[in-house]
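When reading the values below, keep in mind they use all heavy atoms of this one structure, side chains included, and skip hydrogens, waters and symmetry mates. None of these values were measured; they are calculated from a predicted model. Below, chains carry the letters A, B, ... as their sequence lines are ordered, and counting in each starts from 1.
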2 protein chains.
Amino acid sequence: MAYNKNDRRSRTKGRPTLNEVAHRAGVSPITASRALRGVATVAEELVRKVEEAARELGYIANPAARALASAHSQSVLVLVPSLANQLFIDTLEAIHSVLRPKGLEVVIGNFHYSREEEEDLLRNYLAYQPRGLLLTGFERTESSRRMIEASGLPCVYMMDLDSGSGLHCVGFSQVNAGAAAARHLLSRGRQRIAFVAAQLDQRTLLRGDGFRRTLQQAGRYDPAFEILTPRPSSVGLGSELFAQLLAAQPQIDGIFFCNDDLAQGALLEAARHGVKVPEQVAVLGFNDLPSSAFMVPRLSSIRTPREIIGRRAAEQLLDLIAGKTIAEPVQDMGFELVLREST
Amino acid sequence: MAYNKNDRRSRTKGRPTLNEVAHRAGVSPITASRALRGVATVAEELVRKVEEAARELGYIANPAARALASAHSQSVLVLVPSLANQLFIDTLEAIHSVLRPKGLEVVIGNFHYSREEEEDLLRNYLAYQPRGLLLTGFERTESSRRMIEASGLPCVYMMDLDSGSGLHCVGFSQVNAGAAAARHLLSRGRQRIAFVAAQLDQRTLLRGDGFRRTLQQAGRYDPAFEILTPRPSSVGLGSELFAQLLAAQPQIDGIFFCNDDLAQGALLEAARHGVKVPEQVAVLGFNDLPSSAFMVPRLSSIRTPREIIGRRAAEQLLDLIAGKTIAEPVQDMGFELVLREST
DNA sequence: CGACCATAGGATAGCGCTGTCTTTGCGAAC
DNA sequence: GTTCGCAAAGACAGCGCTATCCTATGGTCG
């Protein structure tokens, strides 16, 4: 029983170890390790034996020991600003579907739209020595940037492209998306077009920039038609801001909401007060959440390709981890104007 | 430089180690370890010194080494059936707020309402040797049950109580909640009351049981007024099922939806087709999602105390980890009927 | 046919911490 | 003054793996 350290009182919970697997398969521990990881050159016959032994014992490698010995874990750190937004859930789901089959664990960090919290998460989770990072946007503290740099880890930035030169990023141009929203409302003959935004993260602001610039070029920009608030986006807030905006600027005939939940709240508030959408006011959302297609009237929106972004970002990260050079480090996945009844 | 193993080519990324902290503080590594963990008896003066040294070096303990040496990680495994439902996001947030300050990492496992996936997650994540488990409901495979049992880990079950005797659980009676829904619709004078459910997880079915039984007792149960589908719950599905139900059973005058998103879809579909709510049909939801209060008409619902459940479950788990005995292993957090315009 | 080399498998030595025992120091009790 | 007890700090060993070197084997080539 030399392979089993039960002679001395063991601290472990009695889970089988690699040593026991190796012993049962009649090979050395290191060969068992190699066989199970599929590394290098182990004869097929031995691989079979080791795998069988592992199965019989119900062996699961101890990730802590593995991480300590190899100086890295089998995890990928994904940092998102919120879990309350279905957008990021969809993205995470897509990431998961790519990384899980490769044996990588997805570690989710929610930084609640706070740069400081993101920095904290980085500091803590980098200690786990993940294989790579998937980050949202480019807006972060200088410390965070330094930690990412110093870690030397493969890193892909998701969602935005507008200031990602030199970085690996998968997303779409927030500025262009905002511009497209403006063009759409203009094309519908709207004259007094408002912009309502909450949360005010970088991507929302960039959307606003594109939107504003396009209205300016068309000579239709009026700063009085903007509501920006750092409060978190929600249906309730959308209702509130819609009422507030129409009370202050009754002549408005088109509104771009930086998020579908705000737009949904607006539609509900409009219905409540008999405001005709789109006749009196056209309403355009952003992200195209699943429920938007069922609103009354059905909400026009800009569909963001979060599933593809998640998938591609994860795939790109896999390539980086594998040491491949990336042909296209900046991947523009575009966006799609989804026209429904509300505009 | 005996404390720094740079003499030999090191595999590490050059992050400072406990040895270096200890050396700088002029103490032994084990004392530094104790000082930083706040364990046992280390003189205040030394603790101060060690903490200072750690700060100066930017030392962060290596969780893998820690886990390997101590035979457990600093994580708690939380298994939820979905992240698409705001219910579980709120629960997770609450859990986080309790466990994070205690230095415990929350590891999220999403099993997509699949028992097999839950079993897989358990098998994989148990290898990380978490400090405890927070699980959703009681419905799982026999294998899963055995793994939980065999792990010997503290475990708290969330959301349901109905079959949790002998276990530590925090939630509310799904059966009673269903019964309350039925009583409410009956109290509104409704005669032909329907039940619409999706997903069909155990908790949904229990709600249905309570609802059904109460209608039966009132002599108002009609199996033709039930729609059950395993499809995942969504606003779109709610619209669809509402239309389907009213087409088949136009005389229906009250509906209990097992989830707010379904009910929201129903309200939207009703508005679209001029069905008066609550005059023609009363609509009652479940969970009271944030947007429900802003629907037209405002949706009546049963508010489930997910934040408190998350918090209490996490606190109870902390107690179990600390080895305390729990005075009240079964905590009924109740539920609240939120009356709005739709009933 | 011997030097050479590629290849499969093993021996060794840690990775960076913490559990457990041991030692040290110092005041209280006799 | 000696013994005891207890608290504080350290020594030691090892958690369960894998990186790295090393050895044995058999084939290839001039």
(request) Verify, without hydrogens or angle tests, whether B:Arg100 (side chain) and B:Val106 (backbone) share a donor-acceptor contact under 3.5 angstrom. (result) no

(message) Could you check whether B:Arg123 pairs with B:Glu119 (Lys NZ or Arg NE/NH1/NH2 to Asp/Glu carboxylate O, under 4.0 Å)?
(response) yes

(request) To the nearest Å, give me how far apart CG (A:Leu36) and C1' (D:dT18) are. (result) 13 Å

(message) As a test of reading the structure: which of C:dT20, C:dC15, C:dC17 is closest to the side chain of B:Leu18, going by heavy atoms?
(response) C:dC17

(message) Without decimals, in angstroms, what is the distance between B:Lys49 NZ and D:dA9 C1'?
(response) 13 Å

(request) Starting at atom CG of B:Asn19, determine the distance to atom C1' of C:dG14, rounded to an integer number of angstrom. (result) 13 Å

(message) Closest approach to the side chain of B:Ala69, judged atom by atom: which nucleotide of C:dG14, D:dG14, C:dG10 is it?
(response) D:dG14

(message) Ignoring hydrogens and geometry beyond distance, is the side chain of B:Arg34 in donor-acceptor contact with the base of C:dG19 at under 3.5 Å?
(response) no

(message) I need the CG-P distance between B:Asn62 and D:dC15, as an integer number of Å.
(response) 18 Å

(request) Using atom CZ of B:Arg131 as one end and atom C1' of C:dT18 as the other, report the distance to the nearest whole Å. (result) 13 Å

(request) Figure out the CZ/C1' separation between A:Arg66 and C:dG14, and round it to whole Å. (result) 18 Å

(request) Can you tell me the distance, in whole Å, between the NE2 atom of B:His72 and the P atom of C:dT18? (result) 9 Å

(request) Tell me which of B:Ala65 and B:Ile30 sits closer to the 5' end of DNA chain D, going by the nucleotide each one is nearest to. (result) B:Ile30

(message) Tell me if a side-chain donor or acceptor on B:Thr136 pairs with a main-chain N or O of B:Met158 at a distance below 3.5 Å.
(response) no

(message) Tell me whether A:Arg115 is salt-bridged to A:Glu139, with the criterion being a basic N under 4.0 Å from an acidic carboxylate O.
(response) yes

(request) In whole angstrom, give the distance that lies between atom NE2 of B:His23 and atom C1' of C:dC17. (result) 18 Å

(message) It should be established whether B:Thr31 places a side-chain nitrogen or oxygen under 4.0 Å from OP1 or OP2 of nucleotide D:dG10.
(response) yes

(message) Of the options D:dT18, D:dC17, C:dT18, whose atoms approach the side-chain atoms of A:Thr17 most closely?
(response) D:dC17

(request) Determine, for B:Arg48 against B:Glu52, whether the closest basic-nitrogen to carboxylate-oxygen distance falls under 4.0 angstrom. (result) yes

